[in-house]
Amino acid sequence: MSYSENGFFDNFGGKYVAEVLRRPLDELEVEFKKAMKDPAFINELETIQRDYIGRETPLLFAETATKLLGGAQIYIKLEGLANTGAHKINNAIGQCLLAKKMGKTRIIAETGAGQHGVATAAACAKLGLDCTVYMGEVDVRRQQPNVAAMEMYGAKVHPVTSGSRTLKDAVNEAMRDWAANPDSTHYVLGSALGPSPFPDMVREFQSIIGKEVKKQAAERKLDIAAMVACVGGGSNSIGFFAPFIDQKSPRLIGVEAGGIGPGVGENAIRMTGNVSREGILHGYKSRFLLDDDGQALPTRSISAGLDYCGIGPQLAALGKEGRIEFTSATDKEALDAVKFFARNEGVLFAMESAHAGAAAIKLAPTLPKDKALIVNMSGRGDKDIFITCPVFRPAEWKQFLISELERLNEQKDIHEAEIMNK
Ligand SMILES: *Cc1c(COP(=O)(O)O)cnc(C)c1O
């Protein structure tokens, strides 16, 4: 299903890494391709997908939304119902299972907002693997709930203090670790990007989303006009689209983070607009937001998962050839979409997924009523209360945080008093 040719999709992709990483990458490619043809591996993967991740995830007919928008029938693929709350677990489980088959005992991962770190930490806990997650020091401070979750799953979170102390520095640090420990360690990359074979591997582990959609749509005899997914690095979208790419239809639409506007540093738009360019970063060639020196430009989005400066090479190629269309949704449109689907469907979209929801709200009325429009809800919005509550209920949320702080301070007083009395 749409594998790369020697690691390339058109002229995107490749394996632009230091010499020391070539052997582990080559070994990984061989073992991955072997595993995908090994009935025992596939059987074990399917069992974990069913019993641990909770697959298959439902395809929900959004009846009220469909009536209100007055066009195509809207269906929502509820990836947010996967264990840990998003699609990232599909990839984390797949790679960790492969690593275990390869005899690795130690897993490392990079994380920005923390979602991939949480998924990897959970997968390692399930499969009995040692886990270290590299995370920029700035992100560690901003994303405490996810840091706490990773530690609860038994992972070690390693704060990265180099550079801007964010995601790209965490990637560099993880690559350095892998280069130093290739025999014991597997690096679980979090999206459908990075040096080959990661884009192929991540797509295959995420393609379970699209395979289920294809089967679910056939069972209900849906005539799919379009499929919409949000695009950060590109793993949920490429997995959702994968079984449909080699067909002429349906339309496949990727939605990038429009942030607060079209200016440099105001969004994370790599496929439309005039800021992004072709370049090489983090081991692969693709479209990036880079400055004239080839350094990553700042990005901005209300959703922490959509603000990476690059896009997976296969998406870049499919965008160039026109098979996948790209659009964007702003922070405001995404927030409106969260409200719309919560109120009308009882489904709370993650901020990332709400970008796809926002595009679907615009697209549905333009499509015929006898056709289906399928939106991938890549994750659920419970994790986003620290973003959505300050917007939707600013005064109440602030009061809540103040009283929580007071409560903690009082508890501390009580605790200290207890210690003193002993
Ligand atoms: C990380 C994340 C994304 C963006 O990553 P992709 O690799 O583009 O899928 C989207 N949605 C959710 C819920 C995420 O956690």
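The figures here come from the full heavy-atom set of this structure, side chains too, leaving out hydrogens, waters and symmetry mates. Indexing begins at 1, ligand by ligand and atom by atom, following the structure's order.
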**Message:** Quick check against the 3.5 Å criterion: does D291 have a side-chain atom that pairs as donor or acceptor with the backbone of D293?
**Reply:** yes
**Request:** Would you mind running through ligand 1 and noting each atom that sits below 4.0 Å from a heavy atom of S191?
**Result:** 6 (P), 7 (O)
**Prompt:** For atom 4 (C) of ligand 1, which protein heavy atom lies nearest, and how many Å away is it?
**Reply:** G305 O, 3.3 Å
**Short N-O contact, E46 and R50, less than 4.0 angstrom** = no
**Prompt:** Relative to the heavy atoms of G232, which atoms of ligand 1 are at a distance of less than 4.0 Å?
**Reply:** 8 (O)
**Complete:** Closest heavy-atom approach to atom 15 (O) of ligand 1 among H355, K88, H116 is made by K88
**Request:** Please indicate whether any nitrogen or oxygen in L306 is less than 3.5 Å from any nitrogen or oxygen in ligand 1.
**Result:** no
**Item:** Exam field: side chain T120 to backbone G117, donor-acceptor pair closer than 3.5 Å
**Value:** no
**Prompt:** Short N/O distance, under 3.5 Å, between H87 and ligand 1?
**Reply:** yes
**Asked** Short question: side chain of Q95, backbone of L189 - any donor-acceptor pair under 3.5 Å?
**Response** yes
**Complete:** For G379, the atoms of ligand 1 under 4.0 Å from one of its heavy atoms are 13 (C)
**Heteroatom distance test (G234, ligand 1): nitrogen or oxygen, under 3.5 angstrom** = yes
**Prompt:** Does NZ or CZ of R203 come closer than 6.0 Å to the centre of the six-membered ring of Y3, within 45° of the ring's axis?
**Reply:** yes
**Message:** Distance under 4.0 Å to a non-hydrogen atom of S235: what atoms of ligand 1 satisfy this?
**Reply:** 6 (P), 7 (O), 8 (O), 9 (O)
**Message:** With heavy-atom distances below 4.0 Å as the criterion, list the atoms of ligand 1 near Q115.
**Reply:** 15 (O)
**Request:** Find the distance between CG (L98) and CD1 (I93) and round it off to the nearest 0.5 Å.
**Result:** 12.5 Å
**Message:** Show me which atoms of ligand 1 lie under 4.0 Å from any heavy atom of N236.
**Reply:** 6 (P), 8 (O), 9 (O), 10 (C)
**Complete:** for atom 12 (C) of ligand 1, nearest protein heavy atom and its distance come out as S378 OG, 3.5 Å
**Prompt:** Are any of the N or O atoms of K383 closer than 3.5 Å to those of ligand 1?
**Reply:** no
**Prompt:** Quick check: are there more than 12 heavy atoms from other residues, nucleotides or ligands sitting under 6.0 Å from CD of E404?
**Reply:** yes
**Prompt:** More than 12 foreign heavy atoms under 6.0 Å from CZ of R300: is that the case here?
**Reply:** no
**Item:** Carboxylate-amine/guanidinium contact D10 K285, below 4.0 Å
**Value:** no
**Item:** Close N or O approach (G190, ligand 1; < 3.5 Å)
**Value:** no
**Asked** Any nitrogen or oxygen of S353, main chain or side chain, under 3.5 Å from a nitrogen or oxygen of ligand 1?
**Response** no
**Request:** Could you tell me whether R220 atom CZ has more than 12 heavy atoms of other residues or ligands within 6.0 Å of it?
**Result:** yes
**Under 3.5 Å: N/O of E352 near N/O of ligand 1** = no
